[in-house]
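Residues: numbered from 1 along the sequence shown.
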Amino acid sequence: MSFIRAATLARSVATSSCRRYSTEVGAKKSSNLGFYLGGAGLVGLGTYVYMGFGKEAVTAKKDLKSPLDPSKFIDLKLKRVEPYNHNTSKFVLELEKGEASLLPTASCVYIETPDFKDDKGEPMRRPYTPISASDLEGELVFIIKKYETGNVSKHIHSLKAGDTLKIKGPLPKWPWKMNELEEVGLIGGGSGIAPLYQVLQHALADKTNKTKFKLLYANVTEQDILLREEFDAMKKKYPDTFDVVYVLDKGDANWKGPTGFIGTDLIRQHIAPPSLGEKVKVFICGPPGQVASIAGKKKGMKQGELSGVLKELGYTEDQVYKF
């Protein structure tokens, strides 16, 4: 079955993985049924009001529908591969005319590979967050880093134009609601930037947005920074509501930004304080070691106990979400 969903989401394009450390919002499961509206009858309506995830009413673009199915994998053809840096590429999947992903914010999809099996003999699958806008017609775009120990990422990087990828979704994450928060801190590392970008491209493009966002984005070298042009463009276009700070493990002589790990000092300097209560939220997505040191280890697909730097600074579990 296909589902249709509102597409007044971000107008800009981007992609990336939410990878194996992604989790769902456990307390919100009962509301996820609103994602999945099947049947050709709804498609024929062209436009309809969606009242599901996040309990916000939004209107879909006329005639757009999604080929994605949350109950099964479908094959999508790889349209082209665009090398990004030494270990990362953009993978552009082809959708039919009149089709868009229509993914809600925030959510991702599963990608499955038939070439590698898990310990139960089943095809391996991993969650990835697209960087293309939800209402982008005709394409679904991911930005994916190749990990030598990651079988799914190696499989994806072995593909060429004309090959297919198995996709299932959406997998709902955090139910974003416009202007529910006054301040949002975003802490990202490496290819874990995609879910954070999805939130930003959706919220900042909304003319009603009043929430202020601050992104701390850590990478090993300057060449490893993903979507830098997009973030710099956002900063220029939305100077009153968005700012970004790039952090490198190792900066060369020309690097003017901070170096080292994201810790107490940087977070205290750039992220809104926990004293704002329910009006502040910190989202984090990155390598497991980074997430553990800043916000505590995740427990499987659940959030896990809050610890680390954010706990020491006084943030509560309700103020932090780990993708």
4.5 Å side-chain heavy-atom contact, Lys237 and Phe242: no
Enclosure of Lys212 NZ (heavy-atom neighbours >12, cutoff 6.0 Å): no
Worked verdict on Asn151 versus Thr113 for side chain to side chain contact (heavy atoms under 4.5 Å, CB included): CA-CA 8 Å; Asn151 289 331; Thr113 169; 5.7 Å; no
Distance in Å, His202 NE2 paired with Asp135 CG, rounded so as to fall on 0.5 Å steps: 10.5 Å
Exercise: do Thr208 and Asp206 side chains pair donor with acceptor under 3.5 Å: yes
Residue pair Tyr246 / Asp232, side-chain heavy-atom distance below 4.5 Å: yes
4.5 Å side-chain heavy-atom contact, Gln198 and Ser134: no
Donor-acceptor under 3.5 Å (Glu137 side chain, Gly98 main chain): yes
Minimal non-hydrogen separation, Asp249 against Thr259, with atom names: O-CB, 4.4 Å
Nearest non-hydrogen partners of Leu204 and Tyr238, listed with the distance: O-CE2, 3.1 Å
Hydrophobic cluster identity match, Leu313 and Phe261, side-chain contacts under 4.5 Å: no
Side-chain donor or acceptor of Tyr217 paired with backbone N/O of Gly190 under 3.5 Å: yes
Val309 versus Gly263, closest heavy-atom pair with distance: CG1-C, 4.0 Å
Leu68 side chain reached by Leu103 side chain, heavy atoms, under 4.5 Å: yes
Nearest heavy atoms of Leu78 and Val92, plus distance in Å: CD1-O, 3.5 Å
Spacing of CG belonging to Asp243 relative to NE2 belonging to His270, to within rounding of 0.5 Å: 8.0 Å
Partner of Leu216 under side chain to side chain contact (heavy atoms under 4.5 Å, CB included), chosen from Val245, Leu196, Leu186, Val282: Val245
Interatomic spacing from CZ in Arg228 to CD in Glu230 - rounded to 0.5 Å: 12.0 Å
Val109 side chain near Phe142 side chain, heavy-atom distance below 4.5 Å: yes
Check against side chain to side chain contact (heavy atoms under 4.5 Å, CB included), Gln223 and Asn85: CA-CA 7 Å; Gln223 290 69 37; Asn85 62 19; 5.6 Å; no
Side chain Lys214, main chain Ile271, donor-acceptor under 3.5 Å: no
Spacing of CG belonging to Leu64 relative to CG belonging to Leu136, to within rounding of 0.5 Å: 9.5 Å
Hphob cluster co-occupancy, Val220 + Val244, side-chain heavy atoms under 4.5 angstrom: no
Heavy atoms of other groups near Glu317 CD, more than 12 under 6.0 Å: yes
Parallel, tilted or perpendicular: rings of Tyr197 and Phe231 (30°, 60°): perpendicular
CD1 on Ile294 to NZ on Lys322, rounded to 0.5 Å: 11.0 Å
Polar side-chain atom of Glu222 near backbone of Leu248 as donor-acceptor pair, under 3.5 Å: no
Minimum heavy-atom distance between Leu181 and Glu278, given as atom pair plus value: CD2-O, 3.4 Å
Worked check of side chain to side chain contact (heavy atoms under 4.5 Å, CB included) between Leu215 and Phe213: CA-CA 7 Å; Leu215 169 64; Phe213 297 88; over 6 Å; no
Salt bridge (Lys or Arg N to Asp or Glu O under 4.0 Å): pairs with one or both residues in residues 105-121, sequence neighbours excluded: Glu112-Arg125
Asp163 side chain reached by Lys160 side chain, heavy atoms, under 4.5 Å: yes
Heavy-atom pair of closest approach, residues Val199 and Thr105: CA-CG2, 4.0 Å
Same cluster (ILVMFWY, side-chain, under 4.5 Å), Ile267 and Leu306: yes
More than 12 heavy atoms from other groups under 6.0 Å of CD on Glu229: no
Residue pairs, two or more places apart or on separate chains, that pass salt bridge (Lys or Arg N to Asp or Glu O under 4.0 Å) and touch residues 139-158: Lys79-Glu139, Arg80-Glu139
Approximate separation, where rounding is to 0.5 Å, of Cys108 SG and Arg126 CZ: 12.5 Å
Under 3.5 Å: donor-acceptor pair, side chain of Ser153, backbone of Tyr147: yes
Under 3.5 Å donor-acceptor, Lys281 side chain and Asp318 backbone: yes
Pairwise salt bridge (Lys or Arg N to Asp or Glu O under 4.0 Å) hits with a residue in residues 181-197, at least two apart: none
Heavy-atom check, side chain of Asn219 versus side chain of Val247, under 4.5 Å: no
Minimum side-chain heavy-atom gap Trp176-Phe283 below 4.5 Å: yes
Within one Ile-Leu-Val-Met-Phe-Trp-Tyr cluster: Ile74 and Tyr128, side-chain cutoff 4.5 Å: yes
Linked, directly or transitively: Val280 and Ile187 (ILVMFWY side chains, under 4.5 Å): no
Within 6.0 Å of CZ in Phe73, more than 12 heavy atoms from elsewhere: yes
